[in-house]
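Chain letters run A, B, ... following the sequence lines, proteins first, then strands; residues in each count from 1. Note that the coordinates shown come from a computational prediction; the quantities given were computed from them, not determined experimentally.
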Amino acid sequence: MARELPKVYEPQQVEARIYNMWQEGGYFHAEKDESKKPFTIVMPPPNVTGQLHMGHAMDATLQDTLIRFKRMQGYNALWVPGVDHAGIATQIKVEEELRVKEGLSRYDLGREKFLERVWDWKHKYGNRIVEQQKKLGASCDWDRARFTMDEGCSKAVREVFVSLYEKGLIYKGSRIINWCPNCVTALSDAEVEYVDKPGHLWHIRYPLADGTGEVVVATTRPETMLGDTGVCVNPNDERYKDIVGKKVILPLVNKEIPVVADDYAEMEFGTGCVKMTPAHDPNDFEVGLRHNLEVIRVLDDNGKVNELGGKYFGLDRYDARKQIVKDLEDGGYLVKIEDHAHNVGTCYRCHKDVEPIISAQWFVKMQPLAEEAIRSVNDGETKFVPERFTKNYMNWMNNIRDWCISRQLWWGHQIPVWYCEDCGHMTCSREDPTVCEKCGSSHIERDPDVLDTWFSSALWPFETLGWPDKSEDLDYFYPTDVLVTGYDIITFWVSRMIVSGLEHTKKAPFHTVLIHGLVRDNQGRKMSKSLGNGIDPLEMIDKYGCDALRMNMVTGNSPGNDMRFYVERCEAMRNFANKLWNASRYVMMNLTEDAKNELPAMDKLEIADKWVLSKLNTLIAEVTENLEKYELGVAVQKIYDFIWDTYCDWYIELTKARLYSEDADRKQTAIQVLVYVLDQVLRLLHPFMPFITEEIWQSLPHEGEALIVAKWPEFREKLAFKAEESHMESVMDAIRAIRARRTEMNVPPSKKAALYVLTAKPQIFAEGEGFLQRLAYADAVTLLDKEPENLDGMVNITTADAKLYIPMGQLVDVAKELARITKELESAKKFLEGLENKLSNEKFVSRAPEAVVNAEREKAQKTRDLIASLEQSLEAMKKMA
RNA sequence: GGAGGCAUAGCUCAGCUGGUUAGAGCGCAUGCUUCACACGCAUGAGGUCACAGGUUCGAGUCCUGUUGUCUCCACCA
């Protein structure tokens, strides 16, 4: 039954239809089923404001490939999707829209109305990224899609906050925190990016109060001097020994401040004398604590000088800097200005300079939590793939700092703490209180801040499965199996999930963390909006198909390493899809009406069939092993090679003689093996290229509803035909060698020639006669039992198992042939020499494994035979010349 | 300052626990309207596996150092 199929595979005609078929079939959905083992992945939730980018494509491809593999292996595979509320990003987006469209700020609307707007926005656009993920072929259980601010997640967050609070692991404290005056919120340490920027070192004279002299301090931020409450020198610094304990006069402010001695001051840096601004520098703050220095905050939340800044009140920090420098100069206090490059913290969202500011914030005490997280990874309960990222993780955990979790935003989980206006007590509870739990006053007010977005994402693996309620899903699917993400958020997210999982569920949330690298542009730069070098995955899907994009993501790449994105590789993978399509088209064209997908009887199999089945068998074993070890790139390369090289370039060609012959029985055998191997290989490829494989599989004779739930192939002992495999390879060697000679001599394929074969394995070449005729342009094939007597006009080819003679008449250039054979002989001799050296090495023979030694011996023998044969040929040629 | 990655063909990269004469894609060259496919077929050119030592019977693979390059963490007033 011939089928009409387009010559070129058109993914656009296929993908949406297949995806719907899967969804309607319910194949993505997983329910608790005690008869099966679960395999669970939770998806790193993309930002609700997000647009699909290559990072998502990478993430989703790896996860989907694993999930599909496990599903086919018979696991109850669950991939939980979801979206993150992304505090700052979303709030900024909605505020921006409000400003542009209505000229309003969030303060104009007020908290409640503003939040309504954000929810509106979420309902309107929140699904966009989900729809985009579907285009990637993601087989997530969409019925279980979650949002980090939905009811269940909110409940989990509340439970975690209160329970940590009750354990004393959450506290409110004054600290120098990273403040973004542009986003008007605190940032955690991880949200600050340090950038090298050119700057200056201003040397400023601070006169001693008793008029006996002066000290010179050096600073990179002169504007902070308004908040100076001391000057620090090193206790061992002879230069300043006498002034410790004295007072200096702070210029411009005209205030007396003390000189203190502390190890923090480095004698070698600058003048060895440091001004102390405890409210605006973390180190100064620490020194201040040790020496009881006053803390005076002089910048407000917007980065402007506040009322304590005297005449500079209201100036922006950078304007204030200019003014202060000018005033210092005018007052004769400025000694000099040096150029000085330094690292400036910038906001990871808006990239404006971060201002260290003293502020009351909420913190999680990490030390006690980190201990368990360290132990768990050390004990191997959680493994990183590749392993080296364990170091990253440990490095961070061992130097853990308390986590600043409050954010001065409106969009997010509001901190569940109420302050009593009467007694000042803080009430923190699972239910919203109406009165102060201490004094009973009803004058209580809720903390306006919200929690860091990562606070809720840290709970993702268990909150999505029903925690804190005791749910069956949680029992069954949790702990999850593999977490797939980029190395850039190991500390942000992975570490905190491990901490939270261990603390709240007493279990590590996953046993494996599969880390991938970043997708860069073709020059190795990060893809970013500002550079405009991003490549839209959806555009690639439109152009080359989803399968091609997915293949691009997993080929030529190993875990944890960055990859450059080359459109050319999408093209190559599109070509591969097309190759598979056409091979399948060929198979289908030759299918008979009653064709079934089952192997023919063993005694009907011919050498080519056994060869391909045996190769397939090996492929199955290797690919399965590679996938179990998360070596997706290696696995897919093997499948690619098998399909293109083994199946298309060789096996299909080897079957053609039978398919076009009149022998119905042999034809039937060939077609059945063709279908069987294709079916098996489609299964292996399905996790990587789900659409085209499903589309083809559906058109082949098959049992079962869909490839997505078909059984993963298994190694079959009875299909391992080692002998036939090598026999076939002998013939293939001959074919390749003949082609090469003919090409070298510019013989057109249309010109057939007789072929004489001298071999110790005549039966193999007798069996291969048809292949030699068809693929090596042979006319008649004659088996010889001795060297032909007349070598006139004969091309003479030596392979490992045969000597081949082709009468080419005048086309033979004897001199050229002589040169060629001489060259081959030389290289063979050289090779043999190496082998013999090795074999005569006493130590090699005694210490190397026997199998290795034997293999080398065999190799040497083969090479000797080859050399003998080549020498014969050479002699014969010489006679002719 | 601390930690880590990378360095293999013109380009982009594979190469798992050390063991064939080191591979792929793209690019390049030559030939081919061969009855699935020119998004194709065949053949070929192209590599001192950064450098220097070491371990080993044996090193692209393991160890040490050097150079170049990238990243992460900490942070210098």
Colleague: Given that Arg388(A) and Thr863(A) both sit by RNA chain B, which one's nearest nucleotide is further toward the 5' end?
Modeller: Arg388(A)

Colleague: Thinking salt bridges, do Asp641(A) and Lys638(A) make one under a 4.0 Å N-O criterion?
Modeller: no

Colleague: What's Asn561(A) touching, base or sugar-phosphate or nothing? Going by heavy atoms closer than 4.0 Å.
Modeller: sugar-phosphate

Colleague: Using only heavy-atom distances, decide whether a donor-acceptor pair under 3.5 angstrom links the side-chain of Glu631(A) to the base of rA14(B).
Modeller: no

Colleague: Within this structure, what is the CH2-CD1 distance for the pair Trp396(A) and Ile374(A), rounded to the nearest 0.5 Å?
Modeller: 10.5 Å

Colleague: Across the strands shown, which category fits Ala572(A) at heavy-atom distances under 4.0 angstrom: base, sugar-phosphate, nothing?
Modeller: sugar-phosphate

Colleague: Mind checking if Glu266(A) touches a base, just sugar-phosphate, or nothing, with heavy atoms under 4.0 Å?
Modeller: base

Colleague: Indicate yes or no: at least one non-hydrogen side-chain atom of Lys629(A) is less than 4.5 angstrom from one of Val634(A).
Modeller: no

Colleague: For Lys629(A) and rG15(B), give me the distance from atom NZ to atom C1', rounded to whole Å.
Modeller: 13 Å

Colleague: Quote, to the nearest angstrom, the C1' distance that separates rC28(B) from rC72(B).
Modeller: 40 Å

Colleague: Between Trp644(A) and Phe576(A), how do the two ring planes meet: parallel, tilted or perpendicular, split at 30° and 60°?
Modeller: parallel

Colleague: What's touching nucleotides 62-64 of chain B from the protein side, N or O pairs under 3.5 Å?
Modeller:
none

Colleague: Remember a base hit wins even if backbone is also touched, and classify Pro849(A) as base, sugar-phosphate or nothing at under 4.0 Å, heavy atoms.
Modeller: base

Colleague: Scan residues 654-661 of chain A against RNA chain B and write down, sorted by residue number, each residue with any heavy atom closer than 4.0 Å; if none is found, say none.
Modeller: Lys656(A), Tyr660(A)

Colleague: With 3.5 Å as the limit, what N/O pairs link the protein to nucleotides 70-72 of chain B?
Modeller:
none

Colleague: Assuming nearest nucleotide by heavy-atom distance, tell me which of Ser584(A) and Asp281(A) is located more 5' along RNA chain B.
Modeller: Ser584(A)

Colleague: Partners of Asp228(A) by side-chain hydrogen bond (donor to acceptor under 3.5 Å, both in side chains), sequence neighbours excluded?
Modeller: Tyr206(A), Lys275(A), Thr277(A)

Colleague: Nearest whole angstrom, please: distance from the P of rA42(B) to the CD of Glu744(A).
Modeller: 18 Å

Colleague: Would you give the length of the straight line joining atom NE2 of His516(A) to atom CE of Met553(A), rounded to the nearest 0.5 angstrom?
Modeller: 9.5 Å

Colleague: Provide the distance between the two C1' atoms, one in rC63(B) and one in rU56(B), to the nearest whole Å.
Modeller: 12 Å

Colleague: Under the 3.5 Å rule, do the base of rC26(B) and the side chain of Arg569(A) count as making a donor-acceptor pair?
Modeller: no

Colleague: Base, sugar-phosphate or nothing for Glu338(A)? Non-hydrogen atoms, less than 4.0 Å.
Modeller: nothing

Colleague: I'd like to know if the side chain of Asn561(A) reaches the main chain of Gly517(A), judged simply by a donor and an acceptor atom lying under 3.5 Å from each other, with no hydrogens or angles considered.
Modeller: no

Colleague: Roughly how many Å apart are rG60(B) and rA14(B), using the C1' atom of each and rounding to a whole number?
Modeller: 12 Å

Colleague: Checking all strands, does Arg736(A) fall into the base, sugar-phosphate, or nothing category for heavy-atom contacts under 4.0 angstrom?
Modeller: sugar-phosphate

Colleague: Scan residues 644-655 of chain A for pairs that pass salt bridge (Lys or Arg N to Asp or Glu O under 4.0 Å), counting only residues two or more places apart or in two chains.
Modeller: Glu653(A)-Lys656(A)

Colleague: If I take atom CE in residue Met397(A) and atom C1' in nucleotide rA3(B), what distance separates them, rounded to the nearest angstrom?
Modeller: 17 Å

Colleague: Working to the nearest 0.5 Å, report the span between CD1 of Ile735(A) and CG of Leu775(A).
Modeller: 4.5 Å

Colleague: Using the C1' atom on both, measure rG15(B) against rG25(B) and round to a whole Å.
Modeller: 15 Å

Colleague: Could you check whether Ile652(A) gets within reach of a base, just the sugar-phosphate, or nothing at all, counting any heavy atom under 4.0 Å?
Modeller: base

Colleague: I need the minimum non-hydrogen distance between Asp284(A) and Tyr264(A), along with the two atoms involved.
Modeller: OD1-CE2, 4.0 Å

Colleague: Does this structure show an ion pair linking Lys829(A) with Glu826(A), if we count only N-O contacts that are shorter than 4.0 Å?
Modeller: no

Colleague: For Cys232(A), which contact category applies under a 4.0 Å heavy-atom criterion: base, sugar-phosphate, or nothing?
Modeller: nothing

Colleague: Can you list the stems that RNA chain B is part of, where a stem is at least 3 pairs in a row, each Watson-Crick or G-U, with both distances below 3.5 Å?
Modeller: B:1-7 with B:67-73, B:10-13 with B:23-26, B:28-32 with B:40-44, B:50-54 with B:62-66

Colleague: Heavy atoms only, 4.0 Å cut-off, all strands: where does Asp649(A) land among base, sugar-phosphate and nothing?
Modeller: sugar-phosphate

Colleague: Distance check, C1' atoms only: rG47(B) and rC37(B), in whole angstrom units.
Modeller: 32 Å

Colleague: Contact class for His340(A) vs. all strands (heavy atom < 4.0 Å): base, sugar-phosphate, or nothing?
Modeller: sugar-phosphate

Colleague: Heavy atoms only, 4.0 Å cut-off, all strands: where does Gly545(A) land among base, sugar-phosphate and nothing?
Modeller: nothing

Colleague: Roughly, in whole Å, what's the span from CZ in Arg401(A) to P in rG2(B)?
Modeller: 18 Å

Colleague: Looking at Lys579(A) and rC37(B), is any side-chain donor or acceptor paired with a base atom of the opposite kind under 3.5 Å?
Modeller: yes

Colleague: Determine the contact category for Asn283(A): base if any of its heavy atoms lies under 4.0 Å from a base atom, sugar-phosphate if only primed atoms, P, OP1 or OP2 are that close, otherwise nothing.
Modeller: sugar-phosphate

Colleague: Heavy atoms only, 4.0 Å cut-off, all strands: where does Ala740(A) land among base, sugar-phosphate and nothing?
Modeller: sugar-phosphate

Colleague: When you compare rU30(B) with rC49(B), how far apart are their P atoms, in angstrom units rounded to a whole number?
Modeller: 30 Å

Colleague: Applying a 4.0 Å non-hydrogen cut-off, can you work out what Trp202(A) is touching in the nucleic acid: base, sugar-phosphate, or nothing?
Modeller: nothing

Colleague: Name all residues meeting the side-chain hydrogen bond (donor to acceptor under 3.5 Å, both in side chains) criterion together with Trp493(A); count only those two or more places apart in sequence or in a different chain, and write none if there are none.
Modeller: none

Colleague: Can you tell me how far P in rG4(B) sits from the matching atom in rG19(B), rounded to whole Å?
Modeller: 25 Å

Colleague: Can you list the residues that meet the side chain to side chain contact (heavy atoms under 4.5 Å, CB included) rule with Thr512(A), with sequence neighbours excluded?
Modeller: Val385(A), Val482(A), Tyr630(A)

Colleague: Under the rule for side-chain hydrogen bond (donor to acceptor under 3.5 Å, both in side chains), what residues qualify as partners of Glu628(A), not counting sequence neighbours?
Modeller: Lys70(A), Gln73(A)

Colleague: Give the minimum heavy-atom separation between Asp521(A) and Asn533(A), together with the two atoms involved.
Modeller: OD2-ND2, 3.0 Å

Colleague: If the condition is side-chain hydrogen bond (donor to acceptor under 3.5 Å, both in side chains), which residues does Asn399(A) pass it with, not counting sequence neighbours?
Modeller: Asn395(A)

Colleague: Taking side chain as C-beta onward, heavy atoms only, is Met551(A) less than 4.5 Å from Phe688(A)?
Modeller: yes

Colleague: Can you check the Lys752(A) NZ to rU34(B) P distance for me, whole Å?
Modeller: 12 Å

Colleague: Hey, could you give me each pair passing salt bridge (Lys or Arg N to Asp or Glu O under 4.0 Å) that has a residue in residues 557-582 of chain A? Not counting sequence neighbours.
Modeller: Arg520(A)-Asp562(A)

Colleague: Flag yes if more than 12 heavy atoms outside Lys752(A) fall under 6.0 Å of its NZ atom; otherwise flag no.
Modeller: yes

Colleague: Check each residue of residues 827-843 of chain A for a non-hydrogen atom within less than 4.0 Å of any atom in RNA chain B, then write out the ones that pass by number, or none.
Modeller: Phe831(A), Asn841(A), Lys843(A)

Colleague: Could you measure between the two C1' atoms, the one in rG31(B) and the one in rA45(B), and give it in whole Å?
Modeller: 15 Å

